[in-house]
Peer 1: 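Just dropping this structure here.
Side chains included, hydrogens not; waters and symmetry mates left out as well; all remaining heavy atoms used.
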Amino acid sequence: MNDLDEWRAPGLPVPPSTVLAAALARLDEAYDAVLAIAPSVLSDEDLVRLVDAMTRVADRSAGALTAAIGEADRRRLGDAIGARHTGQWWSQRSLLTRPEANRLTHLGRRLSDPLHAPVRAALEGGVLHVEQARSIVTAVDAIPCSPHDLPSHVEEPAAVKGRAVEHLLVLAKDHDARQLAILGRRILDLVAPEVGEAAEARALADEEAVAARKLSLTLHDCGDGTATGRFTLPVATAQALRKQLMAIAAPRHQRLGDASADVPDRDERPLPVRLGSAFVDWIERYPADRLPSSGGTSATVVVTMSLDSLTGGLAAASLDTGARISAAEARRLACEAGIVPAVLGGTSEVLDLGRTRRFHSKAQRLVIAHRDGGCTAQGCDLPPAACHVHHDQHWSRGGSTDTATGRLLCHRHHRVIHDQRYDTTHHPDGSVSFHRRT
């Protein structure tokens, strides 16, 4: 007799507590059965199956957990111990850190909203990761909802948000949480384009105003030969600084196009250490007009904007790093030497050099970096500054040096694509994937 077979009067439903106890017992048994199998004894196929299955189980567990904690928050169960909020109550019970408990509690609270019911269902069904769910909820909740934010001919804010949820769930099938967060910032352009441009212009202007007020840098002498500090910068300035430091920290990548360059040995130090060293060099030795290249191009931020925006329009501009800035900020930067404006409709250099040279030119590398956005190997997110330009049609076998057959690949994937032990698959979206031959 199992937990559901105990005697009860005919016609009476099984108590929920009994059903829950039985389900949890079976769940523990299933986990015990899986954990009894050592991964080291599995074949490659079975190990992949285990990874895929447990990823889905983890997502479904997160769905059940956020649903439960959302209901606990609604019932204010933390009041029983005088907790200030549900996150404090839960962290005390579970020994989760307070920030982690608070984040999941907030997500559970938002997923209990009927607006986000499809997101909760997708998470509980194992077709959405918890961080993807968080990105969707954050993006949808950020959509302007007061009537004066929407023109009179536009549908109700609730309907606009509902369409945004549906669209982001579709995008989640092909994009990770970080990419969803970027797409979510512009979701109005897709579900309500008539208000998306104006809303984004207002939001970016507000962000930049806040950034200007928060601008700061502090340094503290530790008394042991070192100093620590922190700073807050506008996003465009921070992106430019990071690119310049990456250019200094990775000279091998920057000098790849110069066969006569004295390329140093590969630096195996962690990236934060190399960036710290690069920052010292940047301060002590490097004048701005002599900064080394980043992936074969000068360490500059490329801003893409329409001609209308350059001359006074509202439409936001895009940085080649994926960030967005207001048209006003882009117009200000266009007066400086720290960016390359890629104005749609303007003149451009000749980009196809054919067989006249082996290495891609500075202009070609800028275009390829702007198009690819980073390493084109599926699943790799290294930025353009950490990438080489690869010839899809090998130059040594008659391929030409142009943008159409050039692609960004990080150091690791550039080695793999030339490794005869791997087959390469080119996908319609421009990415590549690799499979080791048996």
Side-chain angles (χ1 to χ4, degrees), residues 239-240 242-267 271 274 278 291-304 318-322 339-342 348-420 422-434:
Q239 300 279 13
R242 179 175 178 83
K243 276 198 154 190
Q244 292 170 6
L245 296 183
M246 287 292 291
I248 301 169
R252 181 182 181 87
H253 298 145
Q254 287 27 283
R255 303 177 190 180
L256 183 65
D258 185 358
S260 64
D262 182 16
V263 180
D265 293 337
R266 181 174 177 83
D267 193 341
L271 180 59
R274 288 190 284 123
L291 280 169
S293 301
S294 175
T297 64
S298 58
T300 54
V301 174
V302 181
V303 178
T304 299
S318 299
L319 303 184
D320 61 339
T321 55
I339 69 164
V340 174
S348 62
E349 297 181 48
V350 176
L351 298 177
D352 188 350
L353 301 180
R355 293 284 297 172
T356 61
R357 57 184 291 174
R358 175 178 179 181
F359 299 109
H360 291 80
S361 70
K362 171 181 175 180
Q364 287 176 312
R365 288 174 181 270
L366 280 173
V367 170
I368 294 171
H370 182 65
R371 179 195 67 200
D372 293 349
C375 181
T376 55
Q378 286 192 346
C380 185
D381 60 358
L382 285 182
C387 295
H388 306 165
V389 178
H390 166 72
H391 294 74
D392 276 341
Q393 297 175 354
H394 294 180
W395 192 85
S396 61
R397 300 176 185 173
S400 60
T401 300
D402 55 42
T403 58
T405 61
R407 69 170 57 250
L408 291 187
L409 289 172
C410 68
H411 178 77
R412 161 67 177 166
H413 289 118
H414 201 181
R415 291 175 63 90
V416 171
I417 205 169
H418 285 283
D419 192 329
Q420 295 184 356
Y422 289 85
D423 288 320
T424 302
T425 302
H426 292 257
H427 300 280
D429 64 355
S431 64
V432 292
S433 58
F434 308 102

Peer 1: Kindly indicate, with the supporting measurements, whether the criterion side chain to side chain contact (heavy atoms under 4.5 Å, CB included) is fulfilled by Leu271 and Met246.
Peer 2: CA-CA 9 Å; Leu271 180 59; Met246 287 292 291; 4.0 Å; yes
Peer 1: How about His418 and His390: are their ring centroids closer than 6.0 Å?
Peer 2: yes
Peer 1: Would you say the side-chain atoms of Thr405 pair up with the backbone N or O of His391, donor to acceptor, closer than 3.5 Å?
Peer 2: no
Peer 1: With side chains defined as the heavy atoms from C-beta onward, is the minimum distance between Leu408 and Val389 less than 4.5 Å?
Peer 2: yes
Peer 1: Atom CG in Asp392, atom NE2 in His426: separation rounded to 0.5 Å?
Peer 2: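 It comes to 5.0 Å.
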Peer 1: Which heavy atom of Arg407 sits nearest to which heavy atom of Arg371, and what is that distance?
Peer 2: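 It is CA-NH2, 4.0 Å.
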Peer 1: For Asp429, give me all partners under side-chain contact (heavy atoms from CB on, under 4.5 Å), at least two apart in sequence or on another chain.
Peer 2: His427, Ser431
Peer 1: Could I get the full list of side-chain hydrogen bond (donor to acceptor under 3.5 Å, both in side chains) partners for Thr424, not counting sequence neighbours?
Peer 2: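 Partners of Thr424 under the side-chain hydrogen bond (donor to acceptor under 3.5 Å, both in side chains) test: none.
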Peer 1: Search all heavy atoms of Cys410 against all heavy atoms of Cys375 and return the closest pair with its distance.
Peer 2: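 Closest pair (atom of Cys410, atom of Cys375, distance): N-SG, 3.3 Å.
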Peer 1: Sequence neighbours left out, what passes side-chain contact (heavy atoms from CB on, under 4.5 Å) with Arg415? Give chain and number order.
Peer 2: His411
Peer 1: I need the Leu409 CG to Asp372 CG distance, nearest 0.5 Å.
Peer 2: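 Answer for the CG-CG pair, Leu409 versus Asp372, is 8.5 Å.
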